[in-house]
Amino acid sequence: MPAKDFLDIDAISAIRLKRLQDQGLRRTLSPTERMADGRVIRAGKPMISFSDNDYLGLSVHPRVIAASIEATSLYGVGSGAARLVTGDNPLNERLEARLAALKGMPAARVFGSGYLANAGAIPALVGAGDLIVMDELCHASMHAGARLSGARIQTYAHNNVASAAEHLRQRDATSHALLLTETVFSMDGDLAPLDELAAVAQDTGAWMLTDDAHGLGIVTHKNPAPLQLGTLSKSAGAYGGYIAGPANFIELLTSRARTFVYATGLPPGVLAAALASLDVMEAEPALGEKALANARLFGSLIGETNIESAIVPVRYGEADVAMKASATLARQGFLVTAIRPPTVPAGTARLRFTFSARHSEGDVRRLAGLVLETLAEAGIAK
Ligand SMILES: *Cc1c(COP(=O)(O)O)cnc(C)c1O
């Protein structure tokens, strides 16, 4: 029998928390209200958020809110059980048809979240004896899906097509290989070289799956990947995940993706909100253009010219320096969260600024001025 202290969950957790605290890795929550009128209130103080992924402002769009309320009034709040158990609310099928059309794919399947889509779809594609080759900066949910699959995993240096090709050429011809990348990298905002990666996948006989969590409605280049996954929780302003692809594969997920089979379907109000968001997104492409224009304006003001998405990271190096800059901006009414290891590699702690169609040019200019001050204070040349 181990010693009594060793069995005390609370005492062991306290030791682990202390260790995280000492390493600057302890995470804490800040009560914050994102209001439907677009204001963000923290500790009684109104702030402008440059931290959320609601790039088009659709989470607070009147038409999206109305659609959500209407579906909730009609169907109630929860969906009751997994879609295979209670029967499939027709909003699911409508949303899936919409997503398939949007992605130019034969079919799509909606999941409870983007995380669940990756955790379910990847193990339905490959398994033990197969090979996964993935960008080192792929999201935690892609890593989770890859590990759950039991396939052998090789990561390649960020966006290094030659390295991806080298790993894929090592594949065993009698098993499957899967290439994984994000389209827009969530912490850096840069784009994957999708055409080059697709060519490598084609040459080596690998399948390719992309995660477009941060691209939807913003980056509209054609994506050559035959399997395209994404989320409804970011620019669609709602919640949920999806994957679009060949019809039989999508049908296979209905039986084989464990995060689909064994998890409750999305609430009707969320499905209706996502559908309304896709309508607004299609009717108003200017929203995505405005978000991108705001990111580019900020970039030009702080001396970053290569802005390809609505995400602009500014690196401060050590976690405490980024935290201090975040606190300085907060005092001026800007909510920008510091992103620290292990979310990003050690020594690359950063403020991750995300831009929305709802930000005004004046807000962006004032923010850029303050950011330049925090960089100067930290002794970082720009
Ligand atoms: C946010 C994110 C996810 C997870 O999506 P959720 O709907 O929030 O679960 C998956 N992949 C990437 C690249 C993301 O940025």
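Numbering of residues begins at 1 and proceeds along the displayed sequence. Each ligand, and each atom within it, is numbered from 1 in the order the structure gives. Just so you know, these numbers come straight off a predicted model, no measurement behind them.
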Candidates D211, N53, L232; heavy atom nearest atom 12 (C) of ligand 1 found on D211
> Cluster question for you: counting only ILVMFWY and a side-chain heavy-atom cut-off of under 4.5 Å, with indirect links fine, are F260 and L125 together?
Replying inline: yes
Ligand 1 atoms nearer than 4.0 angstrom to some heavy atom of H214 are 14 (C), 15 (O)
Other residues, nucleotides and ligands only: do more than 12 of their heavy atoms fall within 6.0 Å of CD on Q23? yes
Note: ligand 1 atoms sitting under 4.0 Å from heavy atoms of G240 are 7 (O)
State whether the number of non-hydrogen atoms from other residues, nucleotides or ligands found under 6.0 Å of R42 atom CZ is greater than 12. yes
Checking heavy-atom distances from atom 14 (C) of ligand 1 to each of K234, M187, E182, the winner is K234
Y115 heavy atoms within 4.0 Å reach ligand 1 at atoms 4 (C), 5 (O), 6 (P), 9 (O)
Determine, using the 4.5 Å side-chain heavy-atom cutoff (strictly less than), whether L191 and L209 are members of one ILVMFWY cluster.
no
- Query: Is the side chain of T328 donor-acceptor paired with the backbone N or O of K324 at a distance under 3.5 Å, no angle test?
  - Reply: yes
One finds that the ligand 1 atoms under 4.0 Å from a non-hydrogen atom of S141 are 10 (C), 11 (N)
Among non-hydrogen protein atoms, atom 5 (O) of ligand 1 lies closest to G114 CA, 3.4 Å
Should the pair R63-E284 be classified as a salt bridge under the 4.0 Å nitrogen-to-oxygen rule?
-> no
Angle between ring planes, W207 versus H176, binned at 30° and 60°: parallel, tilted or perpendicular? parallel
| field | Within-cut-off N or O pair, T231 and ligand 1, under 3.5 Å | value | yes
Item checked: Heteroatom distance test (S186, ligand 1): nitrogen or oxygen, under 3.5 angstrom -> no
